[in-house]
Amino acid sequence: MRERTWRTAAMLGTAQTLAFASTYYLPAVLADSMARDLGVSAPVVFAAFSLAMLVSAPLGPLTGRAIDRHGGHVVLPLTSLVFATGLGALALAQGPWSLFAAWAVMGLAMGSGLYEAAFSALVRIYGSNSRGAITGITLVAGFASTVGWPLSAWMEARWGWRGACAGWAAAHLLLGLPLNAALPRHTHPASPATQPSASVAAGGPPQHSEPARAGTGSALALAAVFAIAWFISTAMATHLPHLLQLAGLGLGAAISIAALVGPAQVAGRLAEYGLLRHVHPLHSARVAAAAHPVAALALLLAGAPLLGALAPMFVMLHGAGNGILTIAKGTLPLALFGPHGYGARLGLIMTPARFAQALAPPLFGLALERWGAGALWITAGLGLISLGLLLALRARPGSA
């Protein structure tokens with residue numbers, strides 16, 4: 001990436017690290033303290049978090065359309081204010097109703113200020129040349145849990161869970177807001193903000209209507225692929241240590257092996273930036289989609305004698321595949337459909353994934369209760385369906 005592109009990716013990546021650390025990775029550290037103080041159970045806190053994901057689900061297309069029209073430097077600073085408002089409300093919560101209300105506000109911010117919005121902002125600036133910058137953002141924000149969990153724990157130990165939420169709110173105002181506001185103002189010639197007007201000025205019909213109709217089937221296939229990917233990812237993120245215990249590992253070994261997911265995700269993203277950067281995103285997405293079902297089937301079919309060796313392989317392949325798919329949700333729609341209307345299209349494609357993400361923890365938890373480690377057959381089967389959908393897609397001629 002050029003120096004200016006690196007700077008933009010670093011700014012957005014830092015803002016995204018802050019956004020993920022203060023939302024997705026917040027309950028894991030603070031849920032028990034919140035529950036004790038508010039007089040509710042820990043599952044109630046996680047239910048409020050699930051509400052936030054449900055609230056976020058339908059906001060993607062609206063946010064993408066706003067970024068297509070006005071740019072990330074306008075929309076993303078507003079989401080920083082919403083993040084701060086939600087975290088401030090969480091710090092002041094006095095019971096279950098105010099807890100759920102605060103997380104609903106957080107859901108508004110999550111639906112308009114996470115990866116999809118950042119990717120849309122980059123495509124408006126750099127057009128079809130955004131793949132490297134998208135990868136750069138995910139590399140930086142891949143350490144959100146590494147940064148977020150210790151910082152949340154440190155702030156809780158020093159100021160309590162309310163002080164930790166207030167601290168994250170302040171970080172959005174003092175760090176996230178200026179970083180998002182400093183994004184470049186210029187617009188790529190092929191971006192949604194310029195392409196339609198150029199077509200009209202030339203006296204021709206809009207150039208995107210026929211491709212949009214022709215691409216409906218591909219867009220639906222991608223929506224299903226990412227819904228499956230995010231269901232699997234969230235199910236594993238929520239239940240992986242317990243799943244490994246049900247497979248036969250002790251608690252300590254299960255936690256240690258599950259912790260390999262984070263480094264494996266970063267390794268996958270590094271592979272995307274290095275080994276796979278000249279490969280069409282459709283091909284790298286196929287490799288990534290195959291990782292979870294292949295590793296899961298190996299773990300299921302091998303049995304107890306090979307569990308100690310195959311469990312780390314399963315976790316690392318799952319993590320690496322998930323890391324690459326995180327990038328693919330930004331690069332694959334760009335490669336298949338081009339930059340025009342990117343933000344709104346990406347928002348629509350990812351809407352089912354957000355609902356799947358909200359439903360994954362309770363549904364996979366029920367499957368674990370009923371079938372134990374055999375619940376892994378479900379995610380393996382879903383992963384194979386996702387791979388089949390990707391194999392049926394075809395690359396857009398001339399796309400990178």
Side-chain angles (χ1 to χ4, degrees), residues 1-26 60 63-64 66-87 106 109-148 151 167-188 190-193 265-266 269-270 272-274 277 323 326-327 329-331 334 339 342-343 346-347 350:
M1 284 188 287
R2 294 175 300 176
E3 181 180 352
R4 182 178 298 177
T5 310
W6 265 115
R7 186 164 57 247
T8 303
M11 289 191 302
L12 265 178
T14 302
Q16 288 293 298
T17 300
L18 171 59
F20 277 101
S22 60
T23 55
Y24 277 99
Y25 298 111
L26 196 70
T63 303
I67 292 175
D68 287 344
R69 182 174 300 175
H70 304 293
H73 65 282
V74 174
V75 176
L76 289 175
L78 297 176
T79 67
S80 295
L81 297 176
V82 182
F83 275 121
T85 301
L87 286 160
M106 296 272 277
M110 292 162 67
S112 56
L114 293 179
Y115 271 150
E116 290 88 350
F119 296 163
S120 299
L122 285 176
V123 171
R124 191 179 190 274
I125 298 168
Y126 300 115
S128 298
N129 301 318
S130 302
R131 182 176 181 178
I134 288 172
T135 303
I137 287 179
T138 64
L139 282 173
V140 176
F143 293 97
S145 61
T146 307
V147 173
L151 272 179
W168 285 119
H172 278 283
L173 295 176
L174 298 175
L175 182 62
L177 178 61
L179 284 174
N180 285 324
L183 291 175
R185 268 67 172 164
H186 68 266
T187 302
H188 191 273
S191 79
Q265 287 186 146
V266 174
R269 291 167 187 173
L270 286 171
E272 160 65 25
Y273 182 68
R277 64 186 302 180
T326 302
I327 299 171
K329 76 175 178 180
T331 59
L334 178 62
Y342 174 88
L346 180 62
M350 292 304 299

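- Although no hydrogens or angles enter the test, the distance criterion places no donor-acceptor pair under 3.5 Å between the side chain of Ser120 and the main chain of Gly64.
- No donor-acceptor pair closer than 3.5 Å links the side chain of Arg269 to the backbone N or O of Gly136.
- Taking the six-membered ring where tryptophan is involved, the planes of Phe83 and His172 are essentially parallel, since the angle between them stays under 30° and well short of 60°.
- Here the side chains of Leu334 and Phe119 are not in contact, with every heavy-atom distance at 4.5 Å or above.
- Looking at Tyr342, its side chain does come within 3.5 Å of a backbone N or O of Gly330 through a donor-acceptor pair.
- Thr138 has its side chain out of reach of Val266: every pair of non-hydrogen atoms, C-beta onward, lies at least 4.5 Å apart.
- Of all non-hydrogen atoms in Pro77 and Gly72, the two that sit nearest each other are CD-O, 3.4 Å.
- For the atom pair OG1 (Thr135) and CG (Leu122), the distance works out to 10.0 Å, reported to the nearest 0.5 Å.
- A pairwise comparison of heavy atoms in Leu76 and Ala117 identifies CD2-CB, 3.8 Å as the closest pair.
- Screening residues 70-81 for side-chain hydrogen bond (donor to acceptor under 3.5 Å, both in side chains) gives Ser80-Asn180 as the qualifying pairs, with residues at least two apart or on separate chains.
- Proximity of Thr8 to Pro184: side-chain heavy atoms (C-beta onward) are separated by under 4.5 Å at one or more points.
- Between the CD1 atom in Ile327 and the CD1 atom in Ile134 there is a gap of 9.0 Å [rounded to 0.5 Å].
- Of all heavy-atom pairs between Thr14 and Ala10, the closest is OG1-O, 2.8 Å.
- The two atoms that bring Thr63 and Gly111 nearest to each other are OG1-O, 3.7 Å, heavy atoms only.
- Taking the side chain as every heavy atom from C-beta outward, Leu26 and Leu87 approach each other to under 4.5 Å.
- The shortest heavy-atom contact between Leu114 and Ala19 is CD2-CB, 3.5 Å.
- Counting all heavy atoms, side chain and backbone alike, Ile67 lies closest to Arg124 at O-CD, 2.9 Å.
- Taking the side-chain contact (heavy atoms from CB on, under 4.5 Å) definition, one finds that Ala118 meets it with Leu12, Gln16, Ile137, sequence neighbours left out.
- Proximity of Val147 to Tyr25: side-chain heavy atoms (C-beta onward) are nowhere separated by under 4.5 Å.
- A distance below 6.0 Å separates the ring centres of Phe20 and Tyr115.
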